[in-house]
Protein chains: 2
Amino acid sequence: MLTERQLLILQVIIDDFIHTAQPIGSRAISKREDVKYSSATIRNEMADLEEMGFLEKTHSSSGRIPSEQGYRFYVDHLMSPFLLSGQDMNLIQSMFGDQLMEFERVVNKSAQILSDLTNYTSIILGPEVFETELKQLQILPLNNQSAVAILVTNTGHVEHRSFTIPVGLEPSDLEKTVRILNDKLKGVPIYKLNEKIEREVVTLLKKHTTDFKKSYDYIQAALFSEEPTQLYVSGKTNIMMQPEFKDIEKVRNLFSAIEEENQIAPLLRSQNKGINVIIGHENEHAAMRDCSLITASYALGEEHMGTIALLGPTRMEYSKVISLLNVLSNQMTKTFKSWYQNS
Amino acid sequence: MLTERQLLILQVIIDDFIHTAQPIGSRAISKREDVKYSSATIRNEMADLEEMGFLEKTHSSSGRIPSEQGYRFYVDHLMSPFLLSGQDMNLIQSMFGDQLMEFERVVNKSAQILSDLTNYTSIILGPEVFETELKQLQILPLNNQSAVAILVTNTGHVEHRSFTIPVGLEPSDLEKTVRILNDKLKGVPIYKLNEKIEREVVTLLKKHTTDFKKSYDYIQAALFSEEPTQLYVSGKTNIMMQPEFKDIEKVRNLFSAIEEENQIAPLLRSQNKGINVIIGHENEHAAMRDCSLITASYALGEEHMGTIALLGPTRMEYSKVISLLNVLSNQMTKTFKSWYQNS
DNA sequence: GTTAGCACTCATGTTTATCGAGTGCTAATT
DNA sequence: AATTAGCACTCGATAAACATGAGTGCTAAC
């Protein structure tokens, strides 16, 4: 177990390193007014802490820096809670005060606030949309050749596609098709749409429309060619400002990794509810081994969950980031709840 | 005027430097099989070309690199046309072959193709939406408290907002309001909406709805709180791969500049029709003085214009980029025309 | 148990030397 | 008169040699 003094020293080192990014030596610590031991004593303690794996040296005669295990201990036991400044709180409040927002905008703004307030990179994962229900399907002809299909879910999510109307498709058929679809599909969860169409709608369509095949291809195309982008990233530039990323090769690797949506999304999706802290090599993705990733979950309505996250160097302001993510995820959950209850 | 030989030498130097990013010396040039002069001769010519301002040295005894004036001359007089590979052409064609696309998707994909095929950063500016006309306004209640407003223009552009319904607003009023709005506003250009509402709709609303004030605030909020994002950027990471951006400070500056939407948008907006080449310091923005920017215009329907652009180092593959932008902008124009004619 | 003292380590910065690609100029060649 | 060979010179890049100083570990004194 660690003694009080060791705890103090560890805390001082980590706090300092988080802000300066420089190895810290015994003398510097002993000079602090809240530390009343000589540098020699500190040196001894530091040697012990290093032996226990909480500290590292960059070279044999350098000052100490925290190891990943050190950060882990800090996050789990040592960190003092962070009080967000009134200014920051205001910024957040004012954003959620706005009555008129669609989901995408809230998320985008949240991502921006997160990255602005921390100078790290924020990543927000939207909720799985598949469980949401179809509220309305509309096909609106723009002219002879083209139309726009608009699909609204019960969560207020809107998808739309423009398309060209195949030559020879009767407008009346199109209209009928849409009417039938709305009749039958309202309230059906998105992920069941396909099945439902196959089972119930196809026969109906066959009966009622003269050009069944075309209408059908249509629906298919309009409804299911989606690849829902659910990843919102903000402040990618911030990561370049960190001194640990002064060599461009690292930045490149990291950026490439972030841009691979199908790498990041599952990672975030697989996190537990609440706050998660993933430090350095705890991350399964090699490209993020120099980083820490803090995630927090938010809820959209009763069922759907999304994740907000901050990506920064392992030398991260854990305390601040965690507070911020807490506040923001709660605020998001609250806001979405107010939108979607009784739906 | 430049002699044939000088033209040849200039061309060789620029072509070479575009691919290697290394200063090139007289000996290297004289060794090429299409050049039959000795290094001494070449040296003399290079000295002349430098005096005329087409070449530069990085230091007193280095090989030559093209000056910005050199690139300018190259682009205007020297560049040989570039034939896109069949592979590249296929990629482009296949994308536009897809019948089912909304504007945003075409633009996003185009941006991606541009950056993938060139390894530069692509920027696409959407058309001014203000001239487009309102096709339909719909307000769809999701539940007691919230609704989604959907606005469709004649170009198939869809805007939507979720909002909470003020307590006490009668559903019937909401419905009436929407009906009145659709009646009066269909076909009105977006930028005239506000005026039209003030002039014709307000009185109507007063007459027909019991709670005029609330309905009105509503419309206002739903229709006019937009900040149309019209800038699509792809391949920002590419710029970091260029050897001229190996020091991170430059990258930071450039990235910050690109992220300032209101810096870039007007710059692109102000370009002439067709292809424009802006080399280094010809660019008014200091942050882009190390870059060249090639722009091309595309048309959306009869009236609206947008811009596609590629941003790379001044040492850019001008020939390829220009060909590519040409093909793509034409293809976009053609595609959009087919969508929106007779609207 | 704590601390002063001291020899030792190593990253960083500076100086100096070497190397070689490339130039400009002059004189010889075509 | 145009071209080219020859040569001294320049200067960035790389490496080696050296000084500096922040920081350590260890021992002995307090």
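Chain identifiers are assigned alphabetically (A, B, ...) following the order of the sequence lines, protein sequences preceding nucleic acid strands; residue numbering begins at 1 within each chain.
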Engineer: Quick check on contacts: within residues 21-29 of chain B, what sits under 4.0 Å from DNA chain C by heavy-atom distance?
Structural biologist: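 The answer is G25(B), S26(B).
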
Engineer: For residues 35-45 of chain B, pull every pair meeting salt bridge (Lys or Arg N to Asp or Glu O under 4.0 Å), keeping only residues two or more places apart or in separate chains.
Structural biologist: R5(B)-E45(B)

Engineer: Using five base pairs at each end to define the local axes, how bent is the helix from dG1(C)-dC30(D) to dT30(C)-dA1(D), to the nearest 10°?
Structural biologist: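 Here the local axes at opposite ends form an angle of 20°.
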
Engineer: Could you write nucleotides 7-13 of chain D as a row of B, S and -, 5' to 3', where a protein heavy atom under 4.0 Å of any base atom gives B, of only sugar-phosphate atoms gives S, and otherwise -?
Structural biologist: ---BBS-

Engineer: Of all the nucleotides listed (dA5(D), dT3(C), dT24(D)), which has the minimum atom distance to the side chain of S38(B)?
Structural biologist: dA5(D)

Engineer: Which residues pass the ring-ring contact (aromatic ring centres under 6.0 Å, His included) test with Y37(B), sequence neighbours left out?
Structural biologist: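 None.
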
Engineer: Please list, chain by chain and in numerical order, all residues satisfying side chain to side chain donor-acceptor pair (under 3.5 Å) with K250(A), sequence neighbours excluded.
Structural biologist: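 Partners of K250(A) under the side chain to side chain donor-acceptor pair (under 3.5 Å) test: none.
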
Engineer: With respect to the phosphate group of dT4(D), does any side-chain polar atom (N or O) of T41(B) fall under 4.0 Å of OP1 or OP2?
Structural biologist: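 Yes, because at least one side-chain N or O of T41(B) sits under 4.0 Å from OP1 or OP2 of dT4(D).
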
Engineer: Using the test side chain to side chain contact (heavy atoms under 4.5 Å, CB included), find all partners of N276(A) that sit at least two apart in sequence or belong to another chain.
Structural biologist: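 Residues passing side chain to side chain contact (heavy atoms under 4.5 Å, CB included) with N276(A): Q271(A), N272(A), T295(A).
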
Engineer: Quick one: which residue pairs count as a salt bridge (Lys or Arg N to Asp or Glu O under 4.0 Å) with a foot in residues 311-325 of chain B, not counting sequence neighbours?
Structural biologist: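 Applying salt bridge (Lys or Arg N to Asp or Glu O under 4.0 Å) to every pair that reaches into residues 311-325 of chain B, excluding sequence neighbours, yields E244(B)-R315(B).
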
Engineer: Between R64(B) and dG22(C), does any side-chain N or O lie under 4.0 Å from OP1 or OP2?
Structural biologist: no

Engineer: Sequence neighbours excluded and cut-off under 3.5 Å, please list the side-chain donor-acceptor pairs for residues 16-25 of chain B, or say none.
Structural biologist:
residue	atom	partner	partner atom	Å
D16(B)	OD1	T20(B)	OG1	3.2
H19(B)	ND1	D15(B)	O	3.0
T20(B)	OG1	D16(B)	O	3.2
T20(B)	OG1	Q22(B)	N	3.2

Engineer: Does dG24(C) have OP1 or OP2 under 4.0 Å away from a side-chain N or O of K57(B)?
Structural biologist: yes

Engineer: With sequence neighbours excluded, give me every salt bridge (Lys or Arg N to Asp or Glu O under 4.0 Å) pair touching residues 63-88 of chain A.
Structural biologist: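 For residues 63-88 of chain A, and leaving out neighbouring residues, the salt bridge (Lys or Arg N to Asp or Glu O under 4.0 Å) pairs sorted by first residue read E50(A)-R64(A), R72(A)-D76(A), R72(A)-E282(A).
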
Engineer: Run the salt-bridge test on K236(B) and E259(B) with the 4.0 Å N-O cut-off and return the result as yes or no.
Structural biologist: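 E259(B) and K236(B): salt-bridged.
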
Engineer: Check the distance between dG24(C)'s P and M46(B)'s CE and give it to me in whole angstrom.
Structural biologist: 7 Å

Engineer: Quick one: list whatever passes side chain to side chain contact (heavy atoms under 4.5 Å, CB included) with Q263(B), sequence neighbours left out.
Structural biologist: E260(B), H285(B)

Engineer: Go through residues 2-11 of chain B and report each residue with a non-hydrogen atom lying under 4.0 Å from DNA chain D, sorted by number.
Structural biologist: R5(B)

